[in-house]
S.K.: 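Can you keep this structure in mind? I'll have questions shortly.
Worth knowing before you read on, the calculation uses all heavy atoms, side chains too, and leaves out hydrogens, waters and symmetry mates.
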Amino acid sequence: MSISSINYSSSILGAQIRNINQQLTDLSTQLSTGKLSQNYSGMGTNEGFAIASRAQLSNIAAYTDTITNVNVSINLANTALQSLTTIRNTVQTGSASTAQDLNVNGQTIAQNTAAAQFASMVGVLNTQSGNRYLFSGTAFNTQSVANADDIINGTTTQAGFKTVMAERQAADLGANGMGRLVQTQPTASSVQVSEDVAGSPFGLKIAAVSSTLTGATVTGPSGSPVSFSVDLNGNNPNNGDKLSVQFTLPDGTTEQIDLTASSATPTPAGSFAIDASTPVNPNNTASNLNTALNTAIQKLANTSLVAASAVAAGDNFFNTDSSAIGAAKTNQATPAAPISGTTALSGTAPSDSISPGFSVGDSITVNGTTLSFVASGATGNQLNVTDSIQTLLSKIDSITGTSKPSTIHGGVITINTDDAATLSISGSTAGATAALGALGFASSPITATQPPLRVGSSPASSATTLVNGSANTVKWYQGNDGPGSARSTAVARVDDSVTVQYGAQADEDAIRSQLQAIAVFGTFSTSPTGQYSGAQVAALSQRTTQALTPQPGQQKIEDIQTDIAMAQNTMKDATTRQTQAKAQLQTIIDQAESASPDQVASEILSLQNALQASYQTTANLAQLSLVKFL
């Protein structure tokens, strides 16, 4: 009989000991690393959940980085916007002050302050976050606003705002300093005042005339160009009788001249002398009225008109608003008169209507929206053919969304728009195209002149048009100016299904209007010793104060701050959710991959006991001899 050797390494007991040793090694590694395994295969069935959780944690980390970066940009933008608010308040306080003392340059201290604040505002609008310009929209690699000196004074090849303002003032005043009005005495007993050119955008526009002059006849305002006349008809007015003439200025404001008949000596300001000669000669009174009216118009032209011209020049240079102007047209009434807001869109002569008019079935397209003409009962985007021109203009304005209503004056229609690049009005039918021609628009589609706008001819004092000046005028805003909201020019994803919009543009209404008002106020200057200089600055100061006062329905700097604050709140909420999710995801990972120190220690102790018993058994077996075995 043969007896196999008792070999420890090949015995079942030896294998068990090696297994226990390996388990101890694994448990020691778990105890030192806190992980169940050093590879995925040893993690168990829940490792799939851990892998998915780790991917979500990676996404959260990316969102956290995005939120951090966006918050930096928003905080910088908010600081910049707060600075703009401070600048606004500083300039407004100065413009509202009553001190109008002019320095040698023809400016007040408040205007000097405004000029300095303009440069500061330009610097603020060129704020960068890293290499990103915060107020350039999608063109974030481009400086938002041109340099302040270039904007005001121009470059070697392009005119700045100062030049545009000077040209506009010359065009509005006219060669005679009468605001483009022509004053005559057709007869010894009458006075007539007329606008110099029909359809001109410059100068004073006659809006209304009223009179209590006893025995006098007032005609107009009417005609093309618009005019009015006052004929005393050989009568002397009574003491206290009044003539009132209202004018519309280039900035859309209105001013009124009131002249009162007076027998007082000397004649009070704002009055004209009633002839007191013997015998009484009413024609002398008419001459006195003519002189007083001429003096009042010159004063208005050289004070409020000059200020309004500066504001209008600011619009021409800074604002994207523009307009389309139709040639002067008359109605088919008897006698013919310039079309007005009440003129009907169709009708049979001699009615107050245009010819050719709109017919049932005609339609026009306004910025892609169709307006149809029906016999009656118009609803939605429909118009009755018997409606007025003013109704048509209101419907057009509702489609374009203009903040400045379209107007009709002296037979001239002006269609205003907040975005000159988008205005397009065309006839969809031949009849509608002909009717648009009867409204004064000879070409189709009707489009607006692109800003910046410059006086159209030289000398400016006799110019009658505004033209596109982009080729030879500084472009103050250099960032993105495409369609869509400014906020949408910067978008960031901050959660799986959440994005925030935090873009801004220097040409937004609130920012642009403030920059414009401050530029106008800080750039305007006059003669330090001029007769009307103080009144000019006073009129401009009043307009500047109003322009810097937030108006209901208009965008404010605070509105932009509110928008980006909402983006921050959205990110704050996302961060809160992600913090909670991180804790839950980490728990899933820990449960799948982490080893419990207590459990591992307990298992190690158990294995150590088992190993000790195995070693004792092995030792006992190792001492077994053949004699003992037998």
S.K.: Assess, by modelled atom type and distance only, whether the side chains of Thr402 and Thr400 contain a donor and an acceptor separated by less than 3.5 Å.
M.R.: no
S.K.: Could you check Asn89 against Thr85 for side-chain contact (heavy atoms from CB on, under 4.5 Å), going step by step and ending with a plain yes or no?
M.R.: CA-CA 6 Å; Asn89 294 339; Thr85 301; 3.9 Å; yes
S.K.: Can any side-chain N or O of Gln169 pair as donor or acceptor with the backbone N or O of Ser309 at less than 3.5 Å?
M.R.: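 Answer holds: no.
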S.K.: Might you work through the side-chain hydrogen bond (donor to acceptor under 3.5 Å, both in side chains) test for Asp275 and Asn281, ending with a clear yes or no?
M.R.: CA-CA 6 Å; Asp275 182 65; Asn281 185 353; 5.9 Å; no
S.K.: Can you list every salt bridge (Lys or Arg N to Asp or Glu O under 4.0 Å) pair that touches residues 522-551, not counting sequence neighbours?
M.R.: Asp251-Arg543, Glu255-Arg543
S.K.: Does any part of the side chain of Ser120, heavy atoms only, come nearer than 4.5 Å to the side chain of Ile87, both counted from C-beta?
M.R.: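 When only atoms from C-beta onward are counted, Ser120 and Ile87 do touch, with a gap below 4.5 Å.
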S.K.: As an exercise, state the distance from NZ of Lys242 to CD1 of Ile257, rounded to the nearest 0.5 Å.
M.R.: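 Result: 13.0 Å between the selected atoms.
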S.K.: Run Ser323 and Thr414 through side-chain contact (heavy atoms from CB on, under 4.5 Å) and show every step you take.
M.R.: CA-CA 6 Å; Ser323 59; Thr414 302; 3.6 Å; yes
S.K.: With distance as the sole test, does Gln514 use its side chain to make a donor-acceptor pair with the main-chain N or O of Leu548 at under 3.5 Å?
M.R.: no
S.K.: Would you say the side chains of Ser262 and Thr267 form a donor-acceptor pair under 3.5 Å?
M.R.: no
S.K.: Step through it carefully: locate the ring centre of Trp476, locate the ring centre of Phe317, and say whether they are under 6.0 Å apart.
M.R.: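 Trp476 vs Phe317: aromatic centres not under 6.0 Å.
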S.K.: Might you work through the side-chain hydrogen bond (donor to acceptor under 3.5 Å, both in side chains) test for Thr342 and Gln390, ending with a clear yes or no?
M.R.: CA-CA 6 Å; Thr342 60; Gln390 187 57 57; over 6 Å; no
S.K.: Look at the side chain of Gln551 and the backbone N and O of Thr549, then say whether any donor-acceptor pair between them is shorter than 3.5 Å.
M.R.: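 Side chain of Gln551 to backbone of Thr549: a pair is present.
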S.K.: Pair Val537, Phe524 - check side-chain contact (heavy atoms from CB on, under 4.5 Å), show working.
M.R.: CA-CA 8 Å; Val537 175; Phe524 179 84; 4.3 Å; yes
S.K.: Scan side-chain atoms only and decide if Thr526 and Gln536 contain a donor-acceptor pair under the 3.5 Å cut-off.
M.R.: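 On atom types as modelled, these side chains qualify, holding a pair under 3.5 Å.
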S.K.: Any donor and acceptor pair, going by atom type alone, linking the side chain of Thr473 with main-chain N or O of Gly469 inside 3.5 Å?
M.R.: yes
S.K.: Quick check against the 3.5 Å criterion: does Thr155 have a side-chain atom that pairs as donor or acceptor with the backbone of Asp150?
M.R.: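 Side chain of Thr155 to backbone of Asp150, a donor-acceptor pair under 3.5 Å: no, none is there.
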S.K.: Has Gln542 got more than 12 heavy atoms of other residues, nucleotides or ligands less than 6.0 Å from its CD?
M.R.: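 Result for CD/Gln542: open.
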S.K.: Tell me yes or no: between the side chains of Gln505 and Asp481, is some donor less than 3.5 Å from an acceptor?
M.R.: no
S.K.: With side-chain hydrogen bond (donor to acceptor under 3.5 Å, both in side chains) as the test, would you mind laying out the steps for Thr320 and Asp419 before giving the verdict?
M.R.: CA-CA 6 Å; Thr320 57; Asp419 187 355; 5.6 Å; no
S.K.: Is any side-chain heavy atom of Ile274 less than 4.5 Å from a side-chain heavy atom of Val280?
M.R.: no
S.K.: Has the side chain of Gln555 got a donor or acceptor atom that lies under 3.5 Å from a matching backbone atom of Ala510?
M.R.: yes
S.K.: For Thr295, does its backbone N or O pair with a side-chain atom of Gln298 as donor and acceptor, under 3.5 Å?
M.R.: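 A pair under 3.5 Å: no.
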S.K.: Hey, could you give me the OG/CD1 distance between Ser97 and Ile109, rounded to the nearest 0.5 Å?
M.R.: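 Answer rounded to 0.5 Å: 8.5 Å.
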S.K.: Step by step, work out the side-chain contact (heavy atoms from CB on, under 4.5 Å) result for Phe318 and Ile151.
M.R.: CA-CA 10 Å; Phe318 288 96; Ile151 293 174; 4.0 Å; yes
S.K.: Where do Arg88 and Gln92 land on the side-chain hydrogen bond (donor to acceptor under 3.5 Å, both in side chains) test, with the steps shown first?
M.R.: CA-CA 6 Å; Arg88 179 189 70 197; Gln92 186 182 46; 5.5 Å; no
S.K.: Taking Asn468 for its side chain and Ser470 for its backbone only, find out whether a donor-acceptor pair lies under 3.5 Å.
M.R.: yes
